[in-house]
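Atoms considered below: every heavy atom in the structure, side chains included; atoms not considered: hydrogens, waters and symmetry mates.
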Amino acid sequence: RREMKEKKKFQAPSTPVLMLILIIILSILTYIVPAGSFDRIEDPETGIVNIDVESFHFVDRDASNPDGPQSEGPFQMFVDIYDGLVNAADLIFLIFIGCWVAIILTETGAFTGFINAARRALKTKTALLIPGFIAVYALDGFQGEMEGLYPLIGVFIGMCIALGYDAIVGIVISAVAAVIGFNVGGISFYNTGIAQTVSGLPLFSGLGFRLIVLAITVVIWIAYTLVYCRKIKKDPSKSVVYDLDFSDIASDMSDEGAPFTWQNKISLILFVAMILWVVYACQKLGWYFSEISGLYIVLAIVLCIINKINMDQAIGYLVDSFHGMASGCLVIGMARGLNIVLTSSGMSDTIVYYLYLLVRNLPSWATASGFYFLHLLLGFIMPSASGMASTTMPIIAPVADLAGVTRQTACLAYSLGHGYAQLLWPTNSIAIICGLSKIPLGRWYKFFMPLFVILSVAICLILTFATITQWGIELQ
C-alpha cells in the first residue's frame with residue numbers, strides 16, 4: 001500500500017512540459033484578454049523606440065488584417081513554437097558549440113586535474129571557491145554579459161558535485177551569478193544604458209551607488225549559498241536535488257588521482273584567455289553570438305591539436321554536446337515562442353498599462369518599491385531587458401517625477417525588477433538555466449524562494465533609502 005502511495009505522489013512537470021503548458025494557457029487567454037497598443041516613435045539619433053503613456057488604446061483582433069494582433073488558434077500555437085526555435089537559433093548553436101569545448105576539456109582531464117590541484121592547494125578550504133566564482137561572474141554580469149556561461153553549466157555542476165556539493169550550487173556559481181550582476185546593471189547598455197537614455201540621464205551615471213548595491217546583493221547570495229553548502233556537505237540528503245542524476249550533463253571530475261599535465265594547463269590557460277577576450281570583445285568590439293561561436297570553434301580545433309585528438313573523436317564530442325544540451329535548447333526556443341504569443345496577440349501592452357495604473361498613485365516612500373514589483377511582474381511577459389526598458393521607462397520616468405522619486409532610482413528599480421524576474425519566471429533565463437542543467441523548476445524554487453524574499457526586502461530598503469536621500473537628483 002505504501003508503494004502505491006509513492007507511485008501516486010505528484011511530480012512536477014519537466015521544464016519543456018511546463019513551457020508547453022504555459023503556451024497553451026496563454027494561447028487560450030488571447031481569446032479573453034483584449035489586445036491593446038501604445039503609439040511608438042523611434043528616436044532617429046539613438047534608435048530607441050519611445051511610447052506615449054496617454055496613447056494607450058484597445059485594438060480589435062481582425063483575422064483579415066495579418067499585420068494586426070491575432071488570437072492564437074490551436075495550429076498557430078505550434079507554429080509559434082517553431083518560430084521561437086528559429087528566432088533563438090543563434091543562442092542555441094552558441095550553446096552547442098560552447099558545450100563542445102567543455103566536453104573536450106573534460107575528456108582530456110583538464111578540469112579534473114585543475115579540481116584536484118585546487119583541492120591540494122586549499123585542502124579543507126575548498127568552500128572558498130564558492131564566493132570566488134560568484135563574485136567574479138557577478139562582476140562579469142555587471143558589465144552586461146549574462147548568457148556566455150550557458151555552455152559551461154555542465155562543467156560547474158561536475159566541479160561542485162566533485163567537491164561534495166550539488167547541481168544547484170553549480171548553476172549558482174556560474175550562470176546565476178552572471179544574472180546577479182546583470183540585475184544591478186552597472187555598465188550594461190541592454191538594461192541600464194537604455195533605461196537611462198530614455199529617462200534623459202547621462203549614460204551609466206550613478207555607478208558608485210550601483211556598485212554598493214551589487215556588493216550588498218552578492219554578499220547576501222554568498223552567505224545564503226555557503227549556508228546551503230554547509231548543510232548538504234554535512235547531510236547530502238538535505239540537497240533539493242538529492243534524488244536526481246546529473247551524470248548525462250555534468251562533467252565527471254570524480255577521479256581524485258588524475259594528474260594536471262602540461263597539456264591540461266595550456267588548455268585551461270587558453271580557455272580562460274578566451275573568456276576574458278569575449279568579455280572585452282562584447283563590450284568594446286560589439287561582438288555577439290556569431291563571433292563568440294566562431295571563437296569557440298577555433299579554440300576547439302586548437303585544443304584538439306594540443307591534446308592529439310583525431311577528427312573522428314572531435315566530431316564525436318560535438319555530437320555528444322548536441323545530445324546533452326538538446327532538452328535545454330528546446331526550452332530556449334519554447335520560451336521565445338511564448339514571447340511571440342504574448343506580442344503577436346497584443347496582450348503585452350494591455351498588461352503593461354493596467355499594471356502601471358496600480359502603481360501610479362502609491363505614496364512617495366512606497367513608489368520606488370512599487371516600480372520594482374511592477375517590473376518584476378512584467379518580467380513574465382517581457383523577458384527582454386531592452387524591450388522592457390523601451391516600453392516602461394517612458395511611462396515610469398514622468399510618474400517618478402510626480403511621486404518625488406528620482407529618475408535614477410526609477411532606473412535602478414527597473415533593472416532590479418527585470419533582473420530578478422530572470423530568476424523567478426519560467427519565461428525567463430532561469431527556465432533556460434534549469435533546462436540546460438536538467439534541474440526541475442520546482443526544485444529551483446525550493447532553493448530560491450526563501451532567498452528571493454530576503455533579497456526583495458533588502459531591495460525595498462535600498463530603494464527607500466535612495467528615495468529619501470534623493471539619489472541622482474542633481475542629474476535631472
Side-chain angles (χ1 to χ4, degrees), residues 134 138 141-142 176-177 179-186 188 191-192 195-196 199 201 205-225 227 352 354-380 382 385 388-389 392-393 395-425 428-430 445 447-473 476:
I134 291 176
F142 191 69
V176 170
V179 178
I180 296 168
F182 184 84
N183 294 352
V184 182
S188 167
N191 51 9
T192 299
Q196 289 181 331
S199 301
L201 296 173
S205 55
L207 184 59
F209 187 74
R210 287 179 181 271
L211 282 169
I212 294 173
V213 176
L214 177 67
I216 292 170
T217 53
V218 166
V219 167
I220 292 172
W221 271 94
I222 289 174
Y224 186 86
T225 305
V227 169
V352 169
Y354 280 101
L355 286 176
Y356 150 71
L357 294 180
L358 291 176
V359 301
R360 67 176 181 177
N361 294 320
L362 288 174
S364 178
W365 61 269
T367 300
S369 297
F371 290 161
Y372 163 70
F373 287 109
L374 168 67
H375 289 99
L376 190 68
L377 291 171
L378 286 175
F380 181 82
M382 290 184 176
M388 182 184 287
T392 64
M393 290 314 297
I395 300 172
I396 296 301
V399 174
D401 293 342
L402 294 173
V405 176
T406 65
R407 294 192 173 198
Q408 197 72 267
T409 302
C411 288
L412 179 61
Y414 144 74
S415 61
L416 290 169
H418 169 270
Y420 278 100
Q422 298 295 315
L423 299 176
L424 182 64
W425 300 120
N428 281 268
S429 298
I430 194 57
Y445 290 139
F447 168 83
F448 176 64
M449 291 312 293
L451 174 59
F452 173 68
V453 172
I454 296 170
L455 286 164
S456 291
V457 171
I459 287 168
C460 288
L461 291 173
I462 289 169
L463 293 173
T464 301
F465 173 81
T467 301
I468 293 172
T469 58
Q470 290 289 282
W471 170 53
I473 189 64
Q476 293 182 205

W221 vs Y420 aromatic rings, parallel, tilted or perpendicular, using cut-offs 30° and 60°? parallel
Counting distance only, does the side-chain N/O of [X] pair as donor-acceptor with the main-chain N or O of [Y] below 3.5 Å?
X: Y414; Y: A385; result: yes
X: Q196; Y: Q408; result: no
X: N183; Y: S415; result: no
X: T217; Y: L214; result: yes
X: N428; Y: G379; result: yes
X: W471; Y: G206; result: no

Measuring only between side-chain heavy atoms, which start at C-beta, is L374 closer than 4.5 Å to I396? yes
Do H375 and L416 touch side chain to side chain, with heavy atoms closer than 4.5 Å? no
May I ask you to check whether Y224 and F448 place their ring centres under 6.0 Å from each other? no
Nearest-0.5 Å distance that lies between atom [atom1] in [X] and atom [atom2] in [Y]:
X: R210; Y: T192; atom1: CZ; atom2: OG1; value: 4.0 Å
X: I222; Y: I180; atom1: CD1; atom2: CD1; value: 8.5 Å
X: F465; Y: I468; atom1: CZ; atom2: CD1; value: 8.5 Å
X: L412; Y: Y372; atom1: CG; atom2: OH; value: 11.0 Å
X: S369; Y: L461; atom1: OG; atom2: CG; value: 8.0 Å

Give me the atom names and distance for the closest heavy-atom approach of [X] to [Y].
X: V405; Y: A410; value: CG1-N, 4.3 Å
X: L201; Y: C411; value: CD1-SG, 4.0 Å
X: L424; Y: M449; value: CD1-SD, 3.9 Å
X: M393; Y: A195; value: CG-CB, 3.9 Å
X: G370; Y: L362; value: CA-CD1, 3.8 Å
X: A466; Y: T409; value: CB-OG1, 3.5 Å

Can you check side-chain hydrogen bond (donor to acceptor under 3.5 Å, both in side chains) on T467 and T464, steps first, answer last? CA-CA 5 Å; T467 301; T464 301; 6.0 Å; no
Does the side chain to side chain contact (heavy atoms under 4.5 Å, CB included) test come out yes or no for F373 and L378, once each step is laid out? CA-CA 8 Å; F373 287 109; L378 286 175; over 6 Å; no
CA sep, side-chain torsions, deciding dist, call: I220, L451, side chain to side chain contact (heavy atoms under 4.5 Å, CB included): CA-CA 8 Å; I220 292 172; L451 174 59; 3.7 Å; yes
Quick one, I430 with Q422, criterion side chain to side chain contact (heavy atoms under 4.5 Å, CB included). Give me CA distance, side-chain angles, the key distance, then yes/no. CA-CA 6 Å; I430 194 57; Q422 298 295 315; over 6 Å; no
Using the side chain to side chain contact (heavy atoms under 4.5 Å, CB included) rule, take F371 and L463 through it: C-alpha gap first, then chi angles, then the decisive distance, then the call. CA-CA 10 Å; F371 290 161; L463 293 173; over 6 Å; no
